[in-house]
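Everything numeric here is computed off the predicted structure, so don't read it as measured data.
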Amino acid sequence: MKSDDIYQQAIRLGVPADRLLVDSVATSTYKNSTLVNGLMDSHQMRSGIVVTSDYHLKRAKEIFERYKGNKYFFYVGAPDTEGRKWIERLDAINLWCSELKNNIGYRLGLFRWIDE
């Protein structure tokens, strides 16, 4: 799901637009974490809700927790646009393999080279 889709879905669900910070430029979850932390600092925010795909939730939480500083985050794993959990999707094995590969890459610190 693209960030524009997520933004529009949040608006439809009643989240005020002035309460949403959407990052659409990060090339990795690590970079997303640093950008969001910077945005939160500039808006003097101390807490937030990280919404990501359900299959990506564990890694996103791990990364945001490592780099959060003095901020508090809540984490929400969203199903796809049709309301399916990742395990119910036809590409479930591909999603699982992709997350496994990305988890290994993260633990090896490879994200540092992606964002340079």
Side-chain angles (χ1 to χ4, degrees):
M1 192 177 333
K2 299 181 306 209
S3 60
D4 291 342
D5 295 338
I6 294 169
Y7 178 84
Q8 292 303 321
Q9 189 172 18
I11 297 294
R12 281 192 302 276
L13 291 170
V15 178
D18 66 339
R19 303 305 299 165
L20 292 169
L21 296 176
V22 179
D23 167 32
S24 58
V25 298
T27 54
S28 71
T29 306
Y30 166 75
K31 188 64 171 180
N32 178 252
S33 167
T34 61
L35 290 171
V36 166
N37 274 292
L39 281 170
M40 289 177 71
D41 288 342
S42 67
H43 290 279
Q44 299 175 348
M45 299 169 73
R46 298 229 357 173
S47 65
I49 302 170
V50 176
V51 180
T52 189
S53 53
D54 55 357
Y55 62 87
H56 179 56
L57 184 64
K58 182 178 179 182
R59 183 164 50 99
K61 181 177 180 184
E62 197 172 300
I63 293 169
F64 270 80
E65 287 296 307
R66 179 173 282 184
Y67 302 105
K68 71 179 183 174
N70 65 347
K71 296 174 193 69
Y72 300 95
F73 289 105
F74 300 92
Y75 301 91
V76 177
D80 69 8
T81 54
E82 297 174 22
R84 296 175 299 184
K85 296 177 184 173
W86 76 269
I87 196 72
E88 299 168 340
R89 294 173 48 177
L90 294 175
D91 61 344
I93 192 70
N94 292 335
L95 293 172
W96 184 84
C97 289
S98 175
E99 272 304 295
L100 177 62
K101 175 189 64 135
N102 289 333
N103 269 308
I104 292 168
Y106 173 72
R107 293 187 192 295
L108 293 174
L110 301 179
F111 60 89
R112 292 183 183 100
W113 290 280
I114 293 171
D115 294 320
E116 291 181 349

Return the [atom1] to [atom2] distance between [X] and [Y], rounded to the nearest 0.5 Å.
X: Ile87; Y: Asp54; atom1: CD1; atom2: CG; result: 9.5 Å
X: Asp91; Y: Tyr55; atom1: CG; atom2: OH; result: 8.0 Å
X: Lys58; Y: Asn103; atom1: NZ; atom2: CG; result: 7.0 Å
X: Met40; Y: Asn70; atom1: CE; atom2: CG; result: 9.0 Å
X: Arg59; Y: Ser28; atom1: CZ; atom2: OG; result: 8.5 Å
X: Leu95; Y: Lys85; atom1: CG; atom2: NZ; result: 15.0 Å

Counting heavy atoms not belonging to Leu13, are there more than 12 under 6.0 Å from its CG?
-> yes
Run the salt bridge (Lys or Arg N to Asp or Glu O under 4.0 Å) check on Lys71 and Glu65 step by step: do they pass?
-> CA-CA 9 Å; Lys71 296 174 193 69; Glu65 287 296 307; over 6 Å; no
Hey, mind stepping through Leu57 and Tyr75 against side chain to side chain contact (heavy atoms under 4.5 Å, CB included) and telling me if it holds?
-> CA-CA 7 Å; Leu57 184 64; Tyr75 301 91; 3.7 Å; yes
Please lay out, stage by stage, how Val50 and Phe74 fare under the test side chain to side chain contact (heavy atoms under 4.5 Å, CB included).
-> CA-CA 6 Å; Val50 176; Phe74 300 92; over 6 Å; no
Do the side chains of Met45 and Ile49 join up, straight or via other hydrophobic residues, at under 4.5 Å, putting them in one cluster?
-> no
Residue pair [X] / [Y], side-chain heavy-atom distance below 4.5 Å:
X: Glu62; Y: Arg107; value: yes
X: Arg12; Y: Tyr7; value: no
X: Asn94; Y: Ser98; value: no
X: Ile104; Y: Lys101; value: no

Stepwise, does the side chain to side chain contact (heavy atoms under 4.5 Å, CB included) test hold for Asn32 with Phe64?
-> CA-CA 9 Å; Asn32 178 252; Phe64 270 80; 3.2 Å; yes
Which heavy-atom pair separates Glu88 from Gly83 by the least distance, and what is that distance?
-> OE1-O, 4.5 Å
Closest contact, heavy atoms only, Ala60 versus Thr29 = CA-CG2, 3.9 Å
What do the steps show when you test Tyr67 against Tyr30 for side chain to side chain contact (heavy atoms under 4.5 Å, CB included), and what is the final call?
-> CA-CA 8 Å; Tyr67 302 105; Tyr30 166 75; 3.6 Å; yes
Ignoring hydrogens and angles, state whether a donor on the side chain of Asn37 or Lys68 is under 3.5 Å from an acceptor on the partner side chain.
-> no
